[in-house]
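Let me begin by presenting the structure, written as C-alpha coordinates, before commenting on it.
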Amino acid sequence: MPFIPWAEAVYTFYMKAIVDCNSFYCSCERLFEPQLKTRPVVVLSNNDGCIISRSDEAKEIGVDMAGPYFKAKPLIAKHNVAAFSSNYHLYGDLSWRVMETLRTQLPPGCVEVYSVDEAFLNLEHIPLMQLSQAAMQLRETVEQWTGIAVSIGVAPTKVLSKIANRLAKKHKQATNCVLVLDTKRKTEQALQKTPIEDVWGIGYRHAVKLRGLGIETAYDLARQGPAWGSRFLGGVTGERLLRELNGMPSIEMEDPLVNKKMIATTRMFGSPVSRLCDIREAIATYTSRAAEKLRRQRGAASIISVFIVPKEDSHQTTFRHGPSISSYTSLPAATSITNELIKPAVSLADRLYEEGKLYKKAGVMLSGIVPDHSIQGNLFRPATDSNARMLMSMMDNINFAMRDDVLKFAASGTERNWKMRQDLRSPRYTTRWEELCQAK
DNA sequence: TCTGGGGTCCTAGGACCC
DNA sequence: TCTGGGGTCCTAGGACCC
(Lines give C-alpha, C1' and ligand atoms only; values in the text may rest on other atoms or scores of the structure.)
Protein backbone atom coordinates (compact mmCIF):
# COMPACT_ATOMS: atom_id res chain seq x y z
CA MET A 1 0.00 0.00 0.00
CA PRO A 2 1.66 3.22 -1.11
CA PHE A 3 1.62 5.89 1.53
CA ILE A 4 0.18 8.32 -0.96
CA PRO A 5 -3.02 6.77 -2.32
CA TRP A 6 -3.22 9.27 -5.16
CA ALA A 7 0.25 8.35 -6.35
CA GLU A 8 -0.43 8.78 -10.04
CA ALA A 9 -1.77 12.26 -9.58
CA VAL A 10 0.00 15.17 -11.18
CA TYR A 11 0.84 18.05 -8.89
CA THR A 12 -1.42 21.02 -9.03
CA PHE A 13 0.83 23.27 -6.98
CA TYR A 14 3.14 25.88 -8.34
CA MET A 15 6.56 24.45 -8.88
CA LYS A 16 9.92 25.56 -7.55
CA ALA A 17 13.44 24.74 -8.59
CA ILE A 18 16.87 24.74 -7.10
CA VAL A 19 19.80 25.49 -9.37
CA ASP A 20 23.10 24.26 -8.00
CA CYS A 21 26.51 24.75 -9.59
CA ASN A 22 28.36 21.48 -10.03
CA SER A 23 31.49 21.34 -7.82
CA PHE A 24 31.37 25.11 -7.94
CA TYR A 25 34.81 26.14 -6.69
CA CYS A 26 36.50 23.44 -8.76
CA SER A 27 34.56 24.51 -11.84
CA CYS A 28 35.74 28.09 -11.31
CA GLU A 29 39.37 26.98 -11.20
CA ARG A 30 38.96 24.85 -14.31
CA LEU A 31 37.40 27.65 -16.26
CA PHE A 32 40.72 29.47 -16.48
CA GLU A 33 42.91 26.39 -16.72
CA PRO A 34 41.24 24.17 -19.27
CA GLN A 35 44.05 21.63 -19.08
CA LEU A 36 42.58 20.69 -15.69
CA LYS A 37 39.46 19.31 -17.40
CA THR A 38 40.80 15.80 -17.24
CA ARG A 39 42.59 16.09 -13.90
CA PRO A 40 40.90 15.68 -10.54
CA VAL A 41 40.67 19.02 -8.72
CA VAL A 42 40.11 20.02 -5.09
CA VAL A 43 39.75 23.42 -3.43
CA LEU A 44 40.84 24.01 0.17
CA SER A 45 39.29 26.08 2.95
CA ASN A 46 40.98 29.17 4.35
CA ASN A 47 44.36 28.41 5.81
CA ASP A 48 44.49 25.40 3.50
CA GLY A 49 42.85 23.49 6.33
CA CYS A 50 40.38 21.11 4.76
CA ILE A 51 38.84 20.19 1.45
CA ILE A 52 35.67 22.09 0.62
CA SER A 53 35.11 21.34 -3.06
CA ARG A 54 35.89 18.26 -5.13
CA SER A 55 35.52 17.56 -8.82
CA ASP A 56 33.74 14.31 -9.75
CA GLU A 57 37.11 12.70 -10.45
CA ALA A 58 38.35 13.65 -6.99
CA LYS A 59 35.21 12.17 -5.42
CA GLU A 60 35.76 8.98 -7.38
CA ILE A 61 39.26 8.38 -6.11
CA GLY A 62 37.91 8.75 -2.58
CA VAL A 63 38.89 12.23 -1.44
CA ASP A 64 36.60 13.02 1.51
CA MET A 65 34.47 16.13 1.66
CA ALA A 66 35.50 18.42 4.53
CA GLY A 67 38.38 16.11 5.31
CA PRO A 68 41.63 17.70 6.49
CA TYR A 69 44.00 18.46 3.66
CA PHE A 70 47.07 17.03 5.32
CA LYS A 71 45.41 13.63 5.64
CA ALA A 72 44.40 13.57 1.99
CA LYS A 73 47.83 14.66 0.76
CA PRO A 74 49.16 11.16 -0.04
CA LEU A 75 46.04 10.36 -2.08
CA ILE A 76 46.25 13.71 -3.80
CA ALA A 77 49.87 13.18 -4.77
CA LYS A 78 49.26 9.65 -5.94
CA HIS A 79 46.50 10.64 -8.36
CA ASN A 80 48.02 13.93 -9.50
CA VAL A 81 45.14 15.96 -8.08
CA ALA A 82 45.33 19.73 -8.60
CA ALA A 83 44.79 21.51 -5.25
CA PHE A 84 43.91 25.19 -4.83
CA SER A 85 43.56 27.56 -1.90
CA SER A 86 40.17 29.29 -1.91
CA ASN A 87 40.04 32.29 -4.22
CA TYR A 88 36.91 34.11 -3.08
CA HIS A 89 37.42 37.04 -5.43
CA LEU A 90 37.10 34.65 -8.34
CA TYR A 91 34.22 32.56 -6.96
CA GLY A 92 32.25 35.62 -5.89
CA ASP A 93 32.49 37.16 -9.32
CA LEU A 94 31.53 33.99 -11.18
CA SER A 95 28.67 33.42 -8.73
CA TRP A 96 27.36 36.87 -9.57
CA ARG A 97 27.48 36.05 -13.29
CA VAL A 98 25.53 32.84 -12.81
CA MET A 99 22.85 34.61 -10.71
CA GLU A 100 22.58 37.46 -13.21
CA THR A 101 22.10 34.96 -16.02
CA LEU A 102 19.26 33.33 -14.11
CA ARG A 103 17.67 36.74 -13.48
CA THR A 104 17.65 37.57 -17.18
CA GLN A 105 15.84 34.30 -17.89
CA LEU A 106 13.03 34.66 -15.34
CA PRO A 107 10.43 37.27 -14.38
CA PRO A 108 11.51 39.80 -11.73
CA GLY A 109 11.61 38.49 -8.18
CA CYS A 110 11.68 34.82 -9.14
CA VAL A 111 15.31 34.18 -8.19
CA GLU A 112 16.23 33.71 -4.55
CA VAL A 113 19.99 33.47 -4.14
CA TYR A 114 20.46 30.88 -1.43
CA SER A 115 24.22 30.56 -1.30
CA VAL A 116 27.25 31.33 -3.41
CA ASP A 117 26.46 28.41 -5.71
CA GLU A 118 22.72 27.87 -5.32
CA ALA A 119 19.50 29.67 -6.11
CA PHE A 120 15.86 28.77 -5.64
CA LEU A 121 13.58 29.67 -8.52
CA ASN A 122 9.88 30.35 -8.54
CA LEU A 123 8.56 28.65 -11.69
CA GLU A 124 4.87 29.36 -11.29
CA HIS A 125 4.72 31.09 -14.66
CA ILE A 126 5.73 27.92 -16.50
CA PRO A 127 3.03 25.40 -17.46
CA LEU A 128 3.60 21.99 -15.91
CA MET A 129 4.07 20.26 -19.24
CA GLN A 130 6.88 22.59 -20.23
CA LEU A 131 8.88 22.47 -17.00
CA SER A 132 11.35 19.87 -18.10
CA GLN A 133 12.19 21.61 -21.33
CA ALA A 134 12.40 25.01 -19.68
CA ALA A 135 14.76 23.72 -17.01
CA MET A 136 16.94 22.08 -19.63
CA GLN A 137 17.08 25.30 -21.59
CA LEU A 138 18.01 27.25 -18.46
CA ARG A 139 20.82 24.86 -17.68
CA GLU A 140 22.24 25.24 -21.19
CA THR A 141 22.02 29.02 -21.12
CA VAL A 142 23.89 29.27 -17.82
CA GLU A 143 26.62 26.96 -19.03
CA GLN A 144 26.95 28.77 -22.34
CA TRP A 145 27.06 32.26 -20.86
CA THR A 146 29.23 31.60 -17.82
CA GLY A 147 31.07 28.36 -18.46
CA ILE A 148 29.72 26.95 -15.20
CA ALA A 149 27.77 23.68 -15.33
CA VAL A 150 24.69 23.50 -13.11
CA SER A 151 22.13 20.90 -12.05
CA ILE A 152 18.47 21.70 -11.62
CA GLY A 153 15.89 19.97 -9.44
CA VAL A 154 12.23 20.88 -9.90
CA ALA A 155 9.42 20.00 -7.47
CA PRO A 156 6.49 21.56 -5.59
CA THR A 157 8.51 22.29 -2.44
CA LYS A 158 12.03 23.40 -1.59
CA VAL A 159 12.87 20.18 0.24
CA LEU A 160 11.69 18.04 -2.67
CA SER A 161 13.53 20.16 -5.21
CA LYS A 162 16.74 19.63 -3.23
CA ILE A 163 16.09 15.91 -3.38
CA ALA A 164 15.51 16.12 -7.13
CA ASN A 165 18.67 18.14 -7.54
CA ARG A 166 20.79 15.64 -5.68
CA LEU A 167 19.58 12.80 -7.89
CA ALA A 168 20.05 14.87 -11.06
CA LYS A 169 23.64 15.53 -10.06
CA LYS A 170 24.26 11.97 -9.01
CA HIS A 171 23.02 10.50 -12.28
CA LYS A 172 24.33 13.08 -14.72
CA GLN A 173 24.22 10.76 -17.76
CA ALA A 174 20.65 9.62 -17.26
CA THR A 175 19.19 12.96 -16.26
CA ASN A 176 21.28 15.46 -18.17
CA CYS A 177 21.54 17.27 -14.85
CA VAL A 178 17.82 18.07 -14.73
CA LEU A 179 15.18 16.18 -12.75
CA VAL A 180 11.53 17.21 -12.49
CA LEU A 181 9.30 15.65 -9.83
CA ASP A 182 5.91 16.50 -11.26
CA THR A 183 3.94 13.43 -10.20
CA LYS A 184 3.45 11.67 -6.88
CA ARG A 185 4.89 8.50 -8.38
CA LYS A 186 8.17 10.11 -9.40
CA THR A 187 8.42 11.80 -6.03
CA GLU A 188 7.91 8.54 -4.20
CA GLN A 189 10.66 6.88 -6.19
CA ALA A 190 13.02 9.76 -5.55
CA LEU A 191 12.32 9.60 -1.82
CA GLN A 192 13.09 5.88 -1.78
CA LYS A 193 16.49 6.52 -3.38
CA THR A 194 17.43 9.19 -0.83
CA PRO A 195 19.20 8.16 2.36
CA ILE A 196 17.98 10.02 5.39
CA GLU A 197 21.17 12.02 5.95
CA ASP A 198 20.91 13.49 2.45
CA VAL A 199 17.61 15.20 3.20
CA TRP A 200 17.94 18.99 3.43
CA GLY A 201 17.46 19.80 7.12
CA ILE A 202 18.64 16.47 8.52
CA GLY A 203 22.12 16.84 9.92
CA TYR A 204 24.40 14.37 11.60
CA ARG A 205 22.60 14.36 14.95
CA HIS A 206 19.13 13.87 13.58
CA ALA A 207 20.31 11.22 11.13
CA VAL A 208 21.72 9.11 13.96
CA LYS A 209 18.51 9.54 15.93
CA LEU A 210 16.29 8.63 12.97
CA ARG A 211 18.30 5.53 12.13
CA GLY A 212 17.87 4.51 15.74
CA LEU A 213 14.13 4.76 15.17
CA GLY A 214 14.36 2.54 12.10
CA ILE A 215 14.07 5.34 9.58
CA GLU A 216 16.58 4.89 6.79
CA THR A 217 15.32 6.79 3.76
CA ALA A 218 13.49 9.99 2.95
CA TYR A 219 10.56 7.74 2.03
CA ASP A 220 10.45 6.24 5.53
CA LEU A 221 10.51 9.73 6.98
CA ALA A 222 7.80 11.07 4.69
CA ARG A 223 5.42 8.38 5.95
CA GLN A 224 5.44 9.99 9.40
CA GLY A 225 3.03 12.79 10.08
CA PRO A 226 3.89 16.43 10.82
CA ALA A 227 3.18 15.91 14.53
CA TRP A 228 5.77 13.14 14.56
CA GLY A 229 8.21 15.49 12.89
CA SER A 230 7.53 18.07 15.54
CA ARG A 231 8.23 15.58 18.30
CA PHE A 232 11.43 14.04 16.95
CA LEU A 233 13.00 16.74 14.81
CA GLY A 234 12.91 19.85 16.93
CA GLY A 235 9.44 21.37 16.94
CA VAL A 236 8.15 23.52 14.12
CA THR A 237 11.22 22.94 11.96
CA GLY A 238 10.55 19.21 11.92
CA GLU A 239 6.88 19.75 11.29
CA ARG A 240 7.62 21.90 8.26
CA LEU A 241 10.13 19.39 6.95
CA LEU A 242 7.53 16.61 7.05
CA ARG A 243 4.99 18.75 5.21
CA GLU A 244 7.51 19.67 2.56
CA LEU A 245 8.45 16.02 2.03
CA ASN A 246 4.79 15.32 1.38
CA GLY A 247 4.52 17.98 -1.28
CA MET A 248 2.95 20.71 0.84
CA PRO A 249 4.91 23.95 0.49
CA SER A 250 5.87 25.13 3.97
CA ILE A 251 9.17 26.91 3.45
CA GLU A 252 8.36 29.98 1.42
CA MET A 253 10.48 31.78 -1.12
CA GLU A 254 12.30 34.60 0.60
CA ASP A 255 12.67 38.21 -0.27
CA PRO A 256 16.19 38.53 -1.64
CA LEU A 257 16.44 42.07 -0.30
CA VAL A 258 16.23 41.06 3.35
CA ASN A 259 19.28 42.23 5.25
CA LYS A 260 21.48 40.22 7.55
CA LYS A 261 20.65 40.14 11.25
CA MET A 262 24.17 39.23 12.22
CA ILE A 263 27.46 39.95 10.53
CA ALA A 264 30.57 38.04 11.47
CA THR A 265 34.21 37.96 10.50
CA THR A 266 36.16 35.12 12.05
CA ARG A 267 39.40 33.41 11.10
CA MET A 268 41.91 30.83 12.13
CA PHE A 269 45.38 32.31 12.48
CA GLY A 270 48.06 31.19 10.06
CA SER A 271 49.80 29.76 13.09
CA PRO A 272 48.86 30.04 16.75
CA VAL A 273 49.65 33.37 18.41
CA SER A 274 50.32 34.22 22.03
CA ARG A 275 50.97 37.98 22.03
CA LEU A 276 48.18 40.36 22.91
CA CYS A 277 49.32 42.81 20.24
CA ASP A 278 48.74 40.22 17.52
CA ILE A 279 45.27 39.42 18.85
CA ARG A 280 44.43 43.12 18.96
CA GLU A 281 45.56 43.61 15.36
CA ALA A 282 43.52 40.67 14.19
CA ILE A 283 40.43 41.86 16.06
CA ALA A 284 40.82 45.37 14.61
CA THR A 285 41.17 43.93 11.11
CA TYR A 286 38.13 41.66 11.45
CA THR A 287 36.12 44.55 12.87
CA SER A 288 37.01 46.67 9.84
CA ARG A 289 35.87 43.92 7.51
CA ALA A 290 32.63 43.36 9.42
CA ALA A 291 31.93 47.11 9.43
CA GLU A 292 32.42 47.16 5.66
CA LYS A 293 29.81 44.43 5.26
CA LEU A 294 27.54 46.37 7.61
CA ARG A 295 27.80 49.56 5.55
CA ARG A 296 27.19 47.64 2.34
CA GLN A 297 23.71 46.77 3.61
CA ARG A 298 23.30 50.31 4.99
CA GLY A 299 23.04 49.01 8.51
CA ALA A 300 24.32 50.06 11.89
CA ALA A 301 25.08 47.69 14.77
CA SER A 302 24.32 48.16 18.44
CA ILE A 303 25.95 45.01 19.81
CA ILE A 304 29.47 43.84 19.21
CA SER A 305 30.87 40.53 20.38
CA VAL A 306 34.38 39.18 20.25
CA PHE A 307 35.67 35.67 20.77
CA ILE A 308 39.05 33.99 20.89
CA VAL A 309 39.75 30.28 20.78
CA PRO A 310 42.72 28.83 22.66
CA LYS A 311 44.73 26.11 21.00
CA GLU A 312 44.06 22.73 22.54
CA ASP A 313 46.50 20.00 23.41
CA SER A 314 46.81 18.21 20.12
CA HIS A 315 47.40 14.64 21.22
CA GLN A 316 43.78 13.60 21.35
CA THR A 317 42.62 11.18 18.70
CA THR A 318 39.44 12.82 17.48
CA PHE A 319 39.47 16.42 16.38
CA ARG A 320 37.07 18.80 17.97
CA HIS A 321 36.66 22.52 17.90
CA GLY A 322 37.73 23.86 21.26
CA PRO A 323 35.47 26.06 23.30
CA SER A 324 35.63 29.73 22.48
CA ILE A 325 35.93 32.46 25.06
CA SER A 326 33.60 35.29 24.23
CA SER A 327 32.16 38.49 25.50
CA TYR A 328 29.98 41.23 24.11
CA THR A 329 29.06 44.79 24.76
CA SER A 330 26.11 46.97 23.86
CA LEU A 331 27.07 50.24 22.22
CA PRO A 332 25.59 53.52 23.44
CA ALA A 333 24.22 54.02 19.93
CA ALA A 334 24.10 51.90 16.80
CA THR A 335 26.96 52.73 14.47
CA SER A 336 28.68 51.64 11.28
CA ILE A 337 31.79 53.77 11.71
CA THR A 338 34.82 51.52 11.82
CA ASN A 339 36.76 53.31 14.55
CA GLU A 340 33.72 53.46 16.82
CA LEU A 341 33.54 49.70 16.55
CA ILE A 342 37.25 48.96 16.82
CA LYS A 343 37.59 50.59 20.22
CA PRO A 344 35.06 48.44 22.09
CA ALA A 345 36.13 45.35 20.12
CA VAL A 346 39.76 45.72 21.13
CA SER A 347 38.91 46.33 24.76
CA LEU A 348 36.76 43.19 24.74
CA ALA A 349 39.77 41.33 23.38
CA ASP A 350 41.95 42.76 26.15
CA ARG A 351 39.52 41.40 28.70
CA LEU A 352 39.42 37.93 27.19
CA TYR A 353 43.15 37.54 26.65
CA GLU A 354 45.25 35.57 29.11
CA GLU A 355 48.99 35.95 29.21
CA GLY A 356 50.90 32.83 28.31
CA LYS A 357 48.13 31.09 26.40
CA LEU A 358 48.29 30.15 22.73
CA TYR A 359 45.34 31.08 20.53
CA LYS A 360 44.40 29.65 17.15
CA LYS A 361 41.36 31.65 16.13
CA ALA A 362 39.46 34.86 16.78
CA GLY A 363 36.33 36.54 15.56
CA VAL A 364 34.08 39.58 15.69
CA MET A 365 30.30 39.57 15.42
CA LEU A 366 27.99 42.53 14.92
CA SER A 367 24.32 42.25 15.81
CA GLY A 368 21.41 44.37 16.92
CA ILE A 369 21.48 45.65 13.36
CA VAL A 370 19.14 48.50 12.39
CA PRO A 371 18.84 50.47 9.16
CA ASP A 372 21.41 53.24 9.15
CA HIS A 373 18.93 56.05 8.51
CA SER A 374 16.86 55.28 11.57
CA ILE A 375 19.55 55.15 14.22
CA GLN A 376 18.08 55.92 17.59
CA GLY A 377 19.63 59.10 18.91
CA ASN A 378 21.26 59.27 22.31
CA LEU A 379 20.88 62.52 24.21
CA PHE A 380 24.22 62.18 25.91
CA ARG A 381 26.34 61.73 22.84
CA PRO A 382 26.90 64.07 19.95
CA ALA A 383 25.56 62.67 16.69
CA THR A 384 28.31 61.06 14.66
CA ASP A 385 29.67 63.84 12.63
CA SER A 386 29.21 63.61 8.95
CA ASN A 387 32.94 63.76 8.32
CA ALA A 388 33.30 60.29 9.77
CA ARG A 389 30.65 59.02 7.39
CA MET A 390 32.36 60.60 4.43
CA LEU A 391 35.66 59.10 5.48
CA MET A 392 34.06 55.66 5.66
CA SER A 393 32.54 55.90 2.26
CA MET A 394 35.80 57.12 0.77
CA MET A 395 37.67 54.24 2.35
CA ASP A 396 35.09 51.79 1.06
CA ASN A 397 35.32 53.17 -2.44
CA ILE A 398 39.08 53.11 -2.57
CA ASN A 399 39.33 49.68 -1.01
CA PHE A 400 36.71 48.38 -3.39
CA ALA A 401 38.46 49.76 -6.45
CA MET A 402 41.93 48.65 -5.41
CA ARG A 403 40.96 45.61 -3.33
CA ASP A 404 43.38 44.25 -0.80
CA ASP A 405 42.78 46.91 1.89
CA VAL A 406 45.03 49.70 0.69
CA LEU A 407 43.46 51.92 3.32
CA LYS A 408 43.12 50.62 6.84
CA PHE A 409 43.22 51.73 10.42
CA ALA A 410 46.55 51.67 12.21
CA ALA A 411 45.11 49.31 14.81
CA SER A 412 44.91 46.66 12.11
CA GLY A 413 48.70 46.50 12.06
CA THR A 414 51.17 46.26 9.25
CA GLU A 415 53.13 43.14 10.02
CA ARG A 416 50.19 40.85 10.46
CA ASN A 417 52.10 37.75 11.34
CA TRP A 418 48.83 36.11 12.33
CA LYS A 419 47.48 36.14 8.78
CA MET A 420 46.19 32.95 7.26
CA ARG A 421 48.09 30.86 4.79
CA GLN A 422 46.99 30.60 1.20
CA ASP A 423 49.86 28.95 -0.53
CA LEU A 424 48.00 27.59 -3.52
CA ARG A 425 45.75 30.43 -4.61
CA SER A 426 45.09 30.93 -8.31
CA PRO A 427 45.12 34.41 -9.90
CA ARG A 428 42.07 36.63 -9.44
CA TYR A 429 41.41 36.43 -13.17
CA THR A 430 38.21 38.42 -13.26
CA THR A 431 38.64 41.09 -10.61
CA ARG A 432 42.25 42.28 -10.83
CA TRP A 433 43.72 43.89 -13.91
CA GLU A 434 47.22 42.63 -13.21
CA GLU A 435 45.99 39.07 -12.84
CA LEU A 436 44.00 38.85 -16.06
CA CYS A 437 44.14 35.64 -18.01
CA GLN A 438 46.58 35.95 -20.90
CA ALA A 439 45.89 34.54 -24.33
CA LYS A 440 48.96 33.66 -26.30
C1' DT B 1 6.57 33.82 55.20
C1' DC B 2 4.36 30.71 52.25
C1' DT B 3 1.44 29.39 48.40
C1' DG B 4 0.06 29.19 42.80
C1' DG B 5 -0.75 30.03 37.83
C1' DG B 6 0.21 32.39 33.83
C1' DG B 7 2.38 35.63 31.07
C1' DT B 8 6.51 38.12 28.80
C1' DC B 9 11.13 38.91 27.75
C1' DC B 10 15.77 37.66 27.31
C1' DT B 11 19.83 34.67 26.60
C1' DA B 12 22.56 30.60 25.79
C1' DG B 13 23.09 26.93 23.23
C1' DG B 14 21.74 23.36 19.89
C1' DA B 15 21.02 22.07 15.25
C1' DC B 16 21.20 22.94 10.76
C1' DC B 17 22.70 24.98 6.10
C1' DC B 18 26.40 25.85 2.32
C1' DT C 1 52.57 20.07 12.61
C1' DC C 2 48.52 20.86 9.72
C1' DT C 3 40.68 20.04 10.54
C1' DG C 4 37.01 26.87 7.29
C1' DG C 5 33.88 30.78 7.57
C1' DG C 6 29.40 32.90 7.77
C1' DG C 7 24.92 32.53 8.56
C1' DT C 8 19.63 31.21 10.34
C1' DC C 9 16.09 29.50 13.29
C1' DC C 10 14.33 27.36 17.32
C1' DT C 11 13.85 25.87 22.23
C1' DA C 12 14.58 25.65 27.05
C1' DG C 13 15.01 27.90 31.03
C1' DG C 14 15.72 31.83 34.07
C1' DA C 15 14.14 36.38 35.67
C1' DC C 16 10.56 39.07 36.39
C1' DC C 17 5.71 40.64 36.70
C1' DC C 18 0.78 40.44 38.26
Side-chain angles (χ1 to χ4, degrees), chain A residues 18 20-21 23-25 42-53 64-74 76 83 85-86 88 91-92 95 113-120 158-159 162 165-166 197-210 229-241 250-252 254 258-272 286 289-290 293-294 297 303 305 307 309 311-324 326-328 330 358 360-369 420-424:
Chain A
I18 179 107
D20 191 326
C21 302
S23 308
F24 182 54
Y25 295 170
V42 297
V43 174
L44 310 175
S45 65
N46 274 336
N47 237 11
D48 298 343
C50 46
I51 292 161
I52 52 171
S53 181
D64 282 340
M65 181 61 169
Y69 175 47
F70 74 92
K71 276 194 185 166
K73 262 184 181 166
I76 282 174
S85 302
S86 331
Y88 292 110
Y91 312 149
S95 168
V113 176
Y114 177 65
S115 73
V116 69
D117 71 330
E118 285 174 74
F120 284 106
K158 284 186 169 179
V159 169
K162 292 284 277 190
N165 186 278
R166 175 182 163 275
E197 61 273 11
D198 288 336
V199 174
W200 188 48
I202 301 293
Y204 176 74
R205 301 274 161 168
H206 283 331
V208 170
K209 186 168 168 187
L210 290 173
S230 168
R231 176 162 167 222
F232 291 103
L233 298 174
V236 296
T237 339
E239 197 174 322
R240 280 202 287 256
L241 176 57
S250 307
I251 305 175
E252 290 313 314
E254 269 170 35
V258 164
N259 285 324
K260 305 242 186 301
K261 296 164 183 161
M262 194 251 315
I263 288 172
T265 301
T266 72
R267 296 250 184 304
M268 302 275 297
F269 300 128
S271 50
Y286 302 163
R289 174 67 10 87
K293 296 181 199 169
L294 183 63
Q297 73 170 44
I303 297 170
S305 26
F307 71 84
V309 183
K311 180 176 151 54
E312 312 225 282
D313 298 331
S314 57
H315 37 67
Q316 46 203 332
T317 42
T318 53
F319 171 80
R320 64 185 194 93
H321 287 286
S324 62
S326 67
S327 184
Y328 70 90
S330 296
L358 264 184
K360 61 173 184 183
K361 180 179 181 173
V364 174
M365 285 183 275
L366 303 176
S367 54
I369 296 176
M420 66 182 179
R421 292 186 306 266
Q422 278 197 308
D423 299 335
L424 309 167

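All values below were derived from every heavy atom in this structure, side-chain atoms included, with hydrogens, water molecules and symmetry-related copies excluded. Below, read A as the first sequence line, B as the second, and so on, with proteins coming before strands; counting in each chain starts at 1.
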Quiz item: Which distance, rounded to the nearest 0.5 Å, do you find between the CE of A:M365 and the OG of A:S326?
Solution: 6.5 Å
What's the closest nucleotide to the [X] side chain, out of [options]?
X      : options              : result
A:R267 : C:dG6, C:dG7, B:dC18 : C:dG6
A:K71  : C:dT8, B:dC18, C:dT3 : C:dT3
A:R205 : C:dG5, C:dT3, B:dA15 : B:dA15
A:Y114 : C:dG4, C:dT8, B:dC17 : B:dC17
A:K261 : B:dC18, C:dT3, C:dC9 : C:dC9

Would you classify [X] as touching base, sugar-phosphate or nothing, given that sugar-phosphate means primed atoms plus P, OP1 and OP2, and contacts are heavy atoms under 4.0 Å?
X      : result
A:V43  : nothing
A:K293 : sugar-phosphate
A:S271 : nothing
A:I51  : nothing
A:K73  : nothing
A:N46  : sugar-phosphate
A:V236 : sugar-phosphate

Self-check item: cation_pi(A:K158, A:F120) dist<6.0 Å, angle<=45
Solution: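 Positive - A:K158 is close enough to the ring of A:F120 and near enough to its axis.
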Rounded to the nearest Å, what distance is computed from the [atom1] atom of residue [X] to the [atom2] atom of nucleotide [N]?
X      : N      : atom1 : atom2 : result
A:Y328 : B:dT11 : OH    : P     : 5 Å
A:N165 : B:dC17 : CG    : P     : 15 Å
A:M268 : C:dC2  : CE    : P     : 9 Å
A:M262 : B:dC17 : CE    : C1'   : 13 Å
A:I263 : C:dT8  : CD1   : P     : 9 Å
A:Y204 : B:dC16 : OH    : P     : 11 Å
A:L366 : C:dG7  : CG    : P     : 9 Å
A:E118 : B:dC16 : CD    : P     : 17 Å

Respond yes when some side-chain nitrogen or oxygen of [X] is under 4.0 Å from OP1 or OP2 of [N], and no when none is.
X      : N      : value
A:K361 : C:dG5  : yes
A:R240 : C:dC10 : yes
A:T266 : C:dG6  : yes
A:K162 : B:dC18 : yes
A:K311 : C:dC2  : yes
A:H206 : B:dA15 : no

Practice problem: Assess whether salt bridge (Lys or Arg N to Asp or Glu O under 4.0 Å) is satisfied between A:D198 and A:R166, documenting all intermediate values. | Solution: CA-CA 8 Å; A:D198 288 336; A:R166 175 182 163 275; 3.0 Å; yes
Quiz prompt | Exam field: side chain A:K162 to backbone A:V199, donor-acceptor pair closer than 3.5 Å | solution =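 Judged by distance alone, no pair lies under 3.5 Å.
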Self-check item: Side chain A:Q297, main chain A:K260, donor-acceptor under 3.5 Å
Solution: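 Yes.
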Quiz prompt | Opposite nucleotide pairing with C:dC18, Watson-Crick or G-U, both atom distances under 3.5 Å | solution =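 The answer is B:dG5, by the H-bond criterion.
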Exercise. Classify the ring geometry between A:W200 and A:Y114 as parallel (under 30°), tilted (30 to 60°) or perpendicular (over 60°).
Key: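 Geometry flag for A:Y114 against A:W200: perpendicular rings.
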Quiz item: How do A:A264 and A:D48 order along DNA chain C: which one's closest nucleotide is nearer the 5' end?
Solution: A:D48
Exercise. Could you walk me through whether A:S271 and A:K360 pass the side chain to side chain donor-acceptor pair (under 3.5 Å) test, one step at a time?
Key: CA-CA 7 Å; A:S271 50; A:K360 61 173 184 183; over 6 Å; no
